[in-house]
Protein chains: 4
Amino acid sequence: MTQIDEVFVSPATGRPLTKRGEATRRRILEAAEDVFADLGYHEASIVKVTERAGVALGTFYLYFDSKQAIFEALVIDLNARVRQSMTESMAGATTRLEAERGGFEGFFRFTAEHPALYRVVREAEFVSPATMRLHYERIVDGYAAGLRAAQSEGDIDPRLDPEVAAWALMGMGELIGMRFLLWEQDSEGAKPTRIEPGVFDAMMLFIANALGSNEQRKGEAS
Amino acid sequence: MTQIDEVFVSPATGRPLTKRGEATRRRILEAAEDVFADLGYHEASIVKVTERAGVALGTFYLYFDSKQAIFEALVIDLNARVRQSMTESMAGATTRLEAERGGFEGFFRFTAEHPALYRVVREAEFVSPATMRLHYERIVDGYAAGLRAAQSEGDIDPRLDPEVAAWALMGMGELIGMRFLLWEQDSEGAKPTRIEPGVFDAMMLFIANALGSNEQRKGEAS
Amino acid sequence: MTQIDEVFVSPATGRPLTKRGEATRRRILEAAEDVFADLGYHEASIVKVTERAGVALGTFYLYFDSKQAIFEALVIDLNARVRQSMTESMAGATTRLEAERGGFEGFFRFTAEHPALYRVVREAEFVSPATMRLHYERIVDGYAAGLRAAQSEGDIDPRLDPEVAAWALMGMGELIGMRFLLWEQDSEGAKPTRIEPGVFDAMMLFIANALGSNEQRKGEAS
Amino acid sequence: MTQIDEVFVSPATGRPLTKRGEATRRRILEAAEDVFADLGYHEASIVKVTERAGVALGTFYLYFDSKQAIFEALVIDLNARVRQSMTESMAGATTRLEAERGGFEGFFRFTAEHPALYRVVREAEFVSPATMRLHYERIVDGYAAGLRAAQSEGDIDPRLDPEVAAWALMGMGELIGMRFLLWEQDSEGAKPTRIEPGVFDAMMLFIANALGSNEQRKGEAS
DNA sequence: AATGAATGAGAATTCATTCAT
DNA sequence: GATGAATGAATTCTCATTCAT
């Protein structure tokens with residue numbers, strides 16, 4: 001589940017986990033993702049998580065200190081994965097606009113598959129503000145770096161403030177994803193796996209304008 | 001507190017409220033705004049609300065059916081007021097971009113004065129999804145209408161989808177407000193009353209680009 | 001139950017209790033005394049206390065902050081009462097030895113009727129050390145004062161250190177009470193209501209010797 | 001750790017312990033003494049004991065049946081050792097009063113070095129009453145025998161009831177030790193290793209009086 | 001209209017004990 | 001002999017809601 005090889009220690013004993021322990025920890029974390037996604041942080045309970053994971057209640061506390069602790073672990077884990085998903089989708093892009101398209105595709109794909117991230121982060125302001133900020137800041141940092149690079153290559157409007165733009169773009173993506181992905185459902189109540197292409201393209205036009213990308217400016221010039 | 005003249009009825013007796021009752025209801029709603037802003041929805045409790053309002057616990061249930069009910073009443077009330085704040089700030093604008101600037105100023109001013117709206121809406125997905133959607137949709141509807149009008153006047157890029165753009169702009173504003181208003185504090189921990197001008201201008205440039213406003217295009221043409 | 005007129009406030013609201021509230025508080029405290037006496041502090045549970053008091057679980061927390069808080073309230077209450085019981089039994093004594101006899105009679109009578117004090121204090125070292133010390137120190141203080149007075153009247157050995165003697169006498173009483181009152185039971189398992197006179201007298205002889213009272217020295221002289 | 005050569009059997013296999021097993025058992029028992037002394041019986045946990053002993057949790061149950069079982073083993077072990085400490089300190093005494101002085105010195109020295117005995121016994125009434133009684137009774141029995149012998153040698157007041165006197169003296173020692181040894185600490189929080197001489201002497205005077213020892217009566221006669 | 005005592009379901013967390021490895 | 005992951009009953013405490021006064 002986690003990308004980075006990391007050695008977890010038992011919060012109870014402080015000792016590194018055995019292979020068996022590692023597997024149990026992963027099952028609990030995966031169950032927590034499901035439960036948090038369905039019920040949100042507050043409605044979720046440790047009992048529900050452990051039931052879904054198929055372990056006993058007490059087992060939870062072998063691996064996590066508290067409900068808040070697993071929330072934090074989950075956010076950090078999901079955050080690493082959504083960024084990886086975005087990075088992968090951006091590979092091969094030759095212009096910033098292609099990178100944006102790829103990045104948002106990766107972001108929305110991940111969101112459709114892992115609604116937990118979304119839902120749980122949005123209600124986390126009072127649960128674990130530091131973790132919530134960490135989540136946003138890690139995304140913004142990478143994003144702003146990408147914009148800065150594009151600026152130095154003359155690919156986007158040099159007047160933009162990369163950090164402000166990054167926050168703006170992330171906010172955009174968050175609400176567009178919420179509205180056109182998570183809230184959307186067909187006549188049978190099924191959730192879509194991706195944003196409707198028309199909407200996605202409309203969003204990309206908005207972004208292209210905002211970044212004043214070369215592609216865009218060429219388009220306008222013609 | 002509420003702008004629109006509305007006749008409330010007691011959930012207990014079903015009869016319209018007297019003047020005294022109306023005043024008590026208002027005090028409770030105002031207290032709830034404070035408490036929800038400080039603690040968020042889940043940490044807030046009815047006892048804390050009634051204590052802050054200076055009424056007895058039981059009095060709460062004379063005016064509201066439940067914790068969720070006051071949350072809904074509060075969101076609807078705040079939503080009406082934030083929209084009014086935005087509308088007022090937009091008055092006199094002659095271009096869409098001026099309207100945007102005014103609208104965001106109004107939005108951020110209201111946010112600084114009433115953080116409850118922000119905080120409580122963001123954790124409400126599982127509390128009262130319908131109310132949360134209502135909040136966003138009411139803003140988006142007005143916003144999209146404004147964009148549509150600007151398009152028909154040739155003031156902004158005619159290719160934009162007004163609804164998608166409205167969601168994008170609202171998301172932008174939400175995260176920019178969170179990051180540069182609510183999270184910001186000076187060395188003594190005091191929260192700013194407005195977004196730093198440089199950031200605000202950077203955001204406006206982003207928006208100007210995005211909307212492809214006439215002003216903007218003229219600027220680029222030169 | 002409590003001797004001193006005291007105004008209790010609800011730990012929840014901080015307001016003084018109504019008459020009804022005062023009665024409930026008393027019932028809970030009395031139930032706690034019974035449960036603590038039967039089971040000790042650690043085996044006792046809030047549920048058991050409220051069941052015995054005939055109130056709902058949540059009601060407990062209207063009157064006491066925690067299990068430890070009711071323990072402390074109980075110790076302070078019992079302490080005031082055992083001292084009163086001792087004082088009353090000492091009234092009318094004309095010599096220190098008569099006062100001692102009266103004091104121990106009062107102490108043992110109270111112990112037989114309220115074993116909670118005894119049992120709960122002895123296991124309190126790790127629960128609430130401050131309260132435990134308070135209990136012992138309040139008794140010792142009064143005791144030492146009595147001894148000092150008797151010394152200045154030439155009634156007991158002037159060489160004794162009153163404070164050390166007071167601790168010694170209290171320890172004596174504690175173990176004698178434990179052994180010959182609380183541990184004792186007849187063939188049907190019933191606990192005695194008082195210490196067997198022979199034992200009591202033997203203890204009094206020991207004390208008379210220890211204090212080197214005039215009575216005693218006259219006795220020895222003859 | 002244990003003085004008496006005793007053959008322990010594993011509660012798991014029922015077979016006598018090997019040398020290695022015996023060492024492990026001893027380490028666990030010593031760890032338990034430390035943990036119980038620091039935290040008391042109820043706050044102590046098997047995990048903490050095994051951690052302090054440097055063995056795995058499961059190992060505990062190879063040597064002891066339960067938490068209560070190790071408590072009982074510990075009390076019995078400490079009881080044997082405190083009595084030995086007292087006996088050693090009494091060796092060479094030529095009068096009962098010298099024996100008393102020695103006995104209390106031994107008792108307090110042991111208490112200062114092994115506070116576990118004290119602390120754990122005092123909260124054990126509801127954990128293992130039989131063991132608690134055994135502890136007190138074993139001490140009293142020896143004590144009473146010593147007093148009886150002194151009486152038959154005309155060394156102390158013949159009218160005293162040896163058993164009652166033994167309980168009285170033990171209670172005295174318990175509270176004096178608690179107050180002037182365990183509760184005492186210097187300005188840096190360090191615990192004393194012995195009772196302050198003035199206090200000890202004051203206590204001995206009290207005892208001398210109580211026992212009506214020959215020394216004492218000679219002193220008074222002069 | 002207002003009060004505030006009472007309720008009890010539900011939550012997080014602990015820890016002695018078991019047992020497969 | 002030793003290990004440590006797993007168990008789940010039991011406990012303390014919270015708080016939205018009711019209702020008699």
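The structure displayed is predicted, hence computed values, not measured ones. Chain naming here is simple, since letters A, B, ... match the order of the sequence lines and numbering starts at 1 in each.
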E/dA9 P sits how many Å from C/F60 CZ, rounded? 19 Å

I need the CZ-P distance between C/F64 and F/dT14, as an integer number of Å. 15 Å

Hey, are the side chains of B/I70 and B/L29 touching, using non-hydrogen atoms and a 4.5 Å cut-off? yes

Could you check B/H42 against A/R27 and say which one's nearest nucleotide on DNA chain F is further toward the 5' end? A/R27

Dot-bracket summary - DNA chain E, pairs being Watson-Crick or G-U whose distances fall under 3.5 Å, with | when paired to another strand: .||||||||||||||||||||

Counting any heavy atom closer than 4.0 Å, what does A/A23 reach on the DNA or RNA strands: base, sugar-phosphate only, or nothing? nothing

Any carboxylate oxygen within less than 4.0 angstrom of a Lys/Arg side-chain nitrogen, looking at C/R26 and C/E30? no

Tell me which one of B/V55, B/L39, B/V35, B/L57 satisfies side chain to side chain contact (heavy atoms under 4.5 Å, CB included) with B/V49. B/V35

Taking the minimum atom-to-atom distance to the side chain of A/I46, which one of E/dA1, F/dA2, E/dA12 wins? E/dA12

When you measure from the side-chain N and O atoms of D/T59 to the phosphate of F/dG1, is any distance below 4.0 Å, counting only OP1 and OP2? no

Distance check needed: F/dT14 P versus A/K67 NZ, whole Å only. 16 Å

Would D/T59 and D/T50 count as a side chain to side chain contact (heavy atoms under 4.5 Å, CB included) if you check the C-alpha gap in whole Å, the side-chain angles of each, and the deciding distance to 0.1 Å? CA-CA 8 Å; D/T59 305; D/T50 52; 5.8 Å; no

Atom CD of A/E22 and atom P of F/dA6: how far apart are they, to the nearest Å? 11 Å

B/L62 CG to F/dT18 P: how many Å, rounded? 13 Å

Map B/E43 and C/K48 onto DNA chain F by nearest heavy atom, then report which one ends up closer to the 5' terminus. C/K48

Which whole-number value in Å describes the distance from D/I70 CD1 to E/dA16 P? 12 Å

Return no unless some side-chain N or O of C/Y63 is found under 4.0 Å from OP1 or OP2 of E/dA5. no

What is the nucleic acid contact for D/A44, judged by heavy atoms within less than 4.0 Å: base, sugar-phosphate only, or nothing? sugar-phosphate

DNA chain E contacts made by residues 49-58 of chain C, counting heavy atoms under 4.0 Å: C/V55, C/A56, C/L57, C/G58

Would you say that more than 12 heavy atoms from the other residues, nucleotides or ligands in this model lie under 6.0 Å from the CD of B/Q68, or not? yes

Heavy atoms only, 4.0 Å cut-off, all strands: where does B/S45 land among base, sugar-phosphate and nothing? sugar-phosphate

For E/dA2 and B/T24 - does any side-chain N or O of the residue sit under 4.0 Å from the phosphate oxygens OP1/OP2? yes

What's the OH-P distance between B/Y41 and F/dC15, to the nearest Å? 13 Å

Excluding sequence neighbours, so at least two apart, what forms side chain to side chain contact (heavy atoms under 4.5 Å, CB included) with B/I76? B/L134, B/R138

Just jot down the ring pair (Phe, Tyr, Trp, His ring centres under 6.0 Å) partners of B/H135, sequence neighbours excluded, or say none. none

If the condition is side chain to side chain contact (heavy atoms under 4.5 Å, CB included), which residues does B/D34 pass it with, not counting sequence neighbours? B/R52

Fit a plane to each ring of D/Y41 and D/F36, take the angle between them on a 0 to 90° scale, and name the class: parallel (under 30°), tilted (30 to 60°) or perpendicular (over 60°). tilted

Those residues that, when tested against C/F126, pass ring pair (Phe, Tyr, Trp, His ring centres under 6.0 Å) (two or more places apart): none

Just the rounded figure in Å: distance from P of F/dC15 to OH of B/Y61. 12 Å

